[in-house]
Trainee: 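Got a structure here, written out as structure tokens. Questions coming.
The basis for the numbers below is simple: all heavy atoms, side chains too, and nothing from hydrogens, waters or symmetry mates.
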Amino acid sequence: MWQWINFLLFVVVTGSGIYWFVQAVARRALYVRLGQQDEEEARNAASPKPSSSEFARQVFGHKKLLKDWKSGVMHLILFYGFIVLQLGALDLIWKGLSGGIMIPVPGYAAFGLFQEITVLAVLAAVVYAGFRRYVERLPRLKRGWKPSAVLFFIGGLMLSVVLSLAFERVWHGAEPSMLAPVSSLLSAGFAVIGLSGTAAQVLFYASWWLHLLILLSFLVYVPQSKHFHIITAPVNLWLKRGKSSTRLQKLDLEQEDTETFGAGRIEDFTRMQMIDFYACVECGRCTNVCPASNTGKTLSPMHLITKLRDHLTEKGAAVTSKSPWVPAFAFSPEQTAHHMNAMEEQPEWNRKSRMLTDIGPTIGWQQSSWQADSDKSPTELELIGDVMSESEIWSCTTCRNCEDQCPVGNGHVDKIIDLRRHLVLMQGSMPAEGQRAMQNIERQGNPWGLSRSDRARWTGEIEGVPVPTVKENPGFEILFFVGSMGSYDLRSRKVSRAFVRLLHEAGVSFAILGNEEKNSGDTPRRMGNELLFQQLCQDNIELFRKYKVRRIVTACPHTYNILKNEYPDFGMKHVEVQHHTELLARLLEEGKLKPSHIVRERVVYHDSCYLGRYNGVYEQPRNILKAIPGVRLLEMERSRDNAMCCGAGGGMMWMEETGGKRVNVARTEQALQTAPTVISSACPYCLTMMEDGTKLKEADDRVKARDIAELLEQSVFGKT
């Protein structure tokens, strides 16, 4: 009779738990369906991908998590431990329903040993997770009962497992065994205190029910917390496999039925973007590396995602009349917090801090500004203004370090650009300095507003080296796309001259567009002015077609990225795009350039975001530096894929930083820690920022900023 009652209770409780879990997931799926269905994303999701190996490395190999090896190993133990213990849970459930009968399968005893070892490992991982959060107090980790709930769930599950196994041994009078060391030790202790078999049976079922209730509670809690990533993260990574994160989504500006551009409401994001919201694990890795967060700006990539998630959940509930909280009696009506009036205030930078970078002020501002606002309903909230502030939106340098660190495949940059697109295209709102740059590009083709007819003026500054235009050398092999910085900026023009001298020395047949060249459109696009970008893009593509361009080289990684990864969306096909370091490295390998003069310098190389993280070009610049006799190559602590941005990307080159520390100063400080004589880069933006940084740190008398082409030029030709 007891077994039947136990079974019926099990069916009711388990059925209720599974029903509530399905309801919670289904309601969030309903909210996601409020988003836009992007046709390109739908095609990508439906089409077979050539390889899913990256998906496997991310999900099962914890590739991103292991960048922080301590937390990575901890999570790896929890991940695989949980999988192992679910098999043990099935065994335990069967025992409780069958009256203690074991499943007769081969290797059962060995599995029992493996399960108990796993329990100890998982408990150790739980303790370490708590240590990192509350003893080490890592700034990127949230504290409180919500972030810690999973630790209690997992810890409770582990304890209920070993107690059930120990009480089972006493109940059945099992002898101690080396294949069950933990439960044997506990059962021996229970025997010492005189625990009878009948009492052990009662306690077994008590711990059995405790295990079941914790397991089902955890199941119901998961989709209603940040731990929804257990389900959504693999989905997110699977849908994005093979999808490039180096290019922005194309806007169809000619679509007649489109009422708005960019994201002015939460529903304007695509469904795939919304899955990001629910995939976020709130680990803070993105904020920990963000140059804006690191220097006291308001933007925190983690809070960007979580605020959009909270707003979607609250508005989705209002629109669909489906509460996200299931069952209602177990969850108090949780109020999604809203931005308040203080949102435009800049966080105070702790200037006494000895840290080169510090996310503390940004985290503090986010916590204080994301508060409940009872005066507005979810449907009345403005996405830009009530949820996200303009100061956050314009703080992003689009460096993608956040995305590179994210273990669940979230995209932050595309959402910020969509918010900017709405501000610019629909509201005409942009910081004044950025607006001036846009107007200058529109009128004169460059951010300074200098005359279009002066774009090729720099070519007259090179003695004895011809710089032919496409009209003067119609049989050219490579088009040198100089870009606005390389054409107009006095400092960057030195790089253009150095590169041209090296091309001439190597016998490369090249040409430039001269005064016909236009701005690449990277700055307008990253600042949300998609209309201006598309005009420039189409004009440039027409020029490339007119002069039958097949190969392009540029010294600007921003130009390189947009020509290589984004122009093809607008019709540029079968054109090879190279960065000048890629071409120079090949010329060195082929022996067409011979660096023979010694350059005695301690050179620390700064990785450009758009060259490194966006396009994976890390080795070629370093190979060039290694080929220069006398150069001692140094590396910063944050280098390669974890290199910190110089602060100029995303249009920030043309805008003033307000609040906090200057990003280029923070990056320069990191470079100066290596005691270099030269800070080298392969980007005109980075070169400018590093040079300004050395001046602000009063180190420019002993540390120079040089492009790689300039150092190679010095070694090939001697003193220049």
Side-chain angles (χ1 to χ4, degrees), residues 23-45 223-224 228 232 235-236 239-240 243 248-280 301 303-325 334-339 343 370 373 375-390 392-393 396 409-429 528 530:
Q23 283 291 303
V25 172
R27 292 181 185 185
R28 281 156 181 78
L30 197 61
Y31 306 158
V32 169
R33 289 184 64 83
L34 295 175
Q36 303 299 308
Q37 177 60 58
D38 187 272
E39 293 182 5
E40 182 181 355
E41 288 183 349
R43 287 194 300 271
N44 288 338
Q224 303 177 82
F228 199 17
T232 53
V235 173
N236 206 32
L239 291 176
K240 290 183 178 179
K243 182 175 181 259
L248 295 175
Q249 200 78 356
K250 178 181 178 181
L251 274 188
D252 187 352
L253 299 174
E254 297 179 358
Q255 192 170 347
E256 294 181 357
D257 59 348
T258 301
E259 297 180 356
T260 184
F261 295 107
R265 304 173 305 156
I266 195 71
E267 302 96 310
D268 292 334
F269 288 112
T270 67
R271 294 172 184 177
M272 188 171 288
Q273 286 178 310
M274 288 180 171
I275 294 175
D276 282 2
F277 303 160
Y278 290 118
C280 179
H303 290 90
L304 163 76
I305 298 295
T306 57
K307 288 192 294 190
L308 293 175
R309 177 200 65 200
D310 291 348
H311 181 52
L312 172 62
T313 300
E314 189 179 43
K315 190 170 184 179
V319 171
T320 64
S321 300
K322 298 286 186 181
S323 171
W325 315 116
E334 297 196 32
Q335 296 288 332
T336 302
H338 311 142
H339 252 153
M343 63 190 304
W370 189 233
D373 181 357
D375 295 334
K376 290 185 177 180
S377 70
T379 55
E380 293 174 330
L381 290 173
E382 294 291 338
L383 182 61
I384 302 174
D386 292 317
V387 179
M388 292 296 300
S389 69
E390 290 194 30
E392 291 173 273
I393 295 168
C396 180
N410 282 352
H412 307 76
V413 173
D414 64 326
K415 297 170 186 61
I416 288 175
I417 298 301
D418 280 339
L419 291 166
R420 289 183 178 182
R421 284 170 168 173
H422 186 81
L423 281 170
V424 174
L425 299 176
M426 302 306 298
Q427 298 183 14
S429 176
E530 183 76 4

Trainee: If the condition is salt bridge (charged side-chain N to carboxylate O under 4.0 Å, His left out), which residues does Asp276 pass it with, not counting sequence neighbours?
Mentor: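 Per chain and number, Asp276 pairs via salt bridge (charged side-chain N to carboxylate O under 4.0 Å, His left out) with Lys240, Lys415.
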Trainee: If you look at every heavy atom in Ala279 and Asn410, which pair is closest and at what distance?
Mentor: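 Closest approach of Ala279 to Asn410, heavy atoms only: CB-OD1, 3.7 Å.
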Trainee: State the CD-OG1 distance between Gln224 and Thr313, to the nearest 0.5 angstrom.
Mentor: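 Rounded to the nearest 0.5 Å, the CD-OG1 separation comes out at 10.5 Å.
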Trainee: The criterion is side-chain contact (heavy atoms from CB on, under 4.5 Å); which residues satisfy it with Glu380, sequence neighbours excluded?
Mentor: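 Glu380 satisfies side-chain contact (heavy atoms from CB on, under 4.5 Å) with Lys376, Ser377 once adjacent residues are dropped.
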Trainee: What's the spacing between Leu381 CG and His311 NE2 if we round to 0.5 Å?
Mentor: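 Going from CG on Leu381 over to NE2 on His311, the span is 5.5 Å.
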Trainee: Which value, rounded to the nearest 0.5 Å, describes the distance between Ile275 atom CD1 and Arg28 atom CZ?
Mentor: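 It comes to 14.5 Å.
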Trainee: Could you pull out the closest heavy-atom pair between Val387 and Glu392, with the gap in Å?
Mentor: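 Looking at all heavy atoms of both residues, the closest pair is O-OE1, 4.4 Å.
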Trainee: Checking His303 now: which residues fulfil side-chain hydrogen bond (donor to acceptor under 3.5 Å, both in side chains) with it, not counting sequence neighbours?
Mentor: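 His303: side-chain hydrogen bond (donor to acceptor under 3.5 Å, both in side chains) contacts with Ser300.
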Trainee: So does Asp268 pair up with Arg265, basic N to acidic O under 4.0 Å?
Mentor: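 Between Arg265 and Asp268 there is a salt bridge, with a charged N closer than 4.0 Å to a carboxylate O.
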Trainee: Measure the spacing between SG of Cys396 and CZ of Arg420 and express it to the nearest 0.5 Å.
Mentor: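 Interatomic distance, Cys396 SG to Arg420 CZ, rounded to 0.5 Å: 5.5 Å.
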Trainee: For Ile384, which residues count as a side-chain contact (heavy atoms from CB on, under 4.5 Å) partner, sequence neighbours excluded?
Mentor: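 Counting only residues at least two positions away or on another chain, Ile384 forms a side-chain contact (heavy atoms from CB on, under 4.5 Å) with Glu390, Ile393, Leu419, His422, Leu423.
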Trainee: Under the side chain to side chain contact (heavy atoms under 4.5 Å, CB included) rule, what do Asp252 and Glu254 come out as? Steps first, then yes or no, please.
Mentor: CA-CA 6 Å; Asp252 187 352; Glu254 297 179 358; 3.9 Å; yes
Trainee: How far apart are the closest heavy atoms of Gly528 and Leu425, and which atoms are they?
Mentor: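 Closest approach of Gly528 to Leu425: O-CG, 3.8 Å.
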Trainee: With Arg421, which residues qualify under salt bridge (charged side-chain N to carboxylate O under 4.0 Å, His left out), at least two apart?
Mentor: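 Asp418, Glu530.
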Trainee: Taking side-chain hydrogen bond (donor to acceptor under 3.5 Å, both in side chains) as the test, write out the residues that go with Thr320, two or more places apart.
Mentor: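 Here no residue qualifies.
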Trainee: With Phe228, which residues qualify under ring-ring contact (aromatic ring centres under 6.0 Å, His included), at least two apart?
Mentor: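 For Phe228 the ring-ring contact (aromatic ring centres under 6.0 Å, His included) partners, ignoring immediate neighbours, are Tyr278.
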Trainee: Quick one: pull up CD1 in Ile266 and CG in Leu308 and give me the separation to the nearest 0.5 Å.
Mentor: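 With rounding to 0.5 Å, CD1 (Ile266) is 4.5 Å from CG (Leu308).
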Trainee: Locate the shortest heavy-atom distance separating Phe277 from Ile305; write the atom from each residue and the value.
Mentor: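 For Phe277 versus Ile305, the nearest heavy atoms are CA-CG2, 3.8 Å.
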Trainee: Output all residues satisfying side-chain hydrogen bond (donor to acceptor under 3.5 Å, both in side chains) with Glu267, sequence neighbours left out; order by chain, then residue number.
Mentor: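 side-chain hydrogen bond (donor to acceptor under 3.5 Å, both in side chains) check on Glu267 returns Lys315.
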Trainee: Working to the nearest 0.5 Å, report the span between CG of Leu34 and CZ of Phe269.
Mentor: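 Nearest 0.5 Å value for the CG-CZ distance: 13.5 Å.
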Trainee: For the side chain of Arg33 and the backbone of Ala29, is there at least one donor-acceptor N/O pair under 3.5 Å apart?
Mentor: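 Flag not set: sc Arg33 to bb Ala29 has no pair under 3.5 Å.
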Trainee: How far apart are the closest heavy atoms of Met426 and Glu259, and which atoms are they?
Mentor: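 Here Met426 and Glu259 meet closest at CE-O, 3.5 Å.
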Trainee: Once side-chain contact (heavy atoms from CB on, under 4.5 Å) is applied, do any residues pair with Ala318, and if so which ones, sequence neighbours excluded?
Mentor: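 Ala318 satisfies side-chain contact (heavy atoms from CB on, under 4.5 Å) with Pro378, Thr379 only.
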Trainee: Could you tell me which non-hydrogen atom of Trp325 sits nearest to which non-hydrogen atom of Arg27, and how far apart they are?
Mentor: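 Shortest heavy-atom contact: O-NH1, 4.4 Å.
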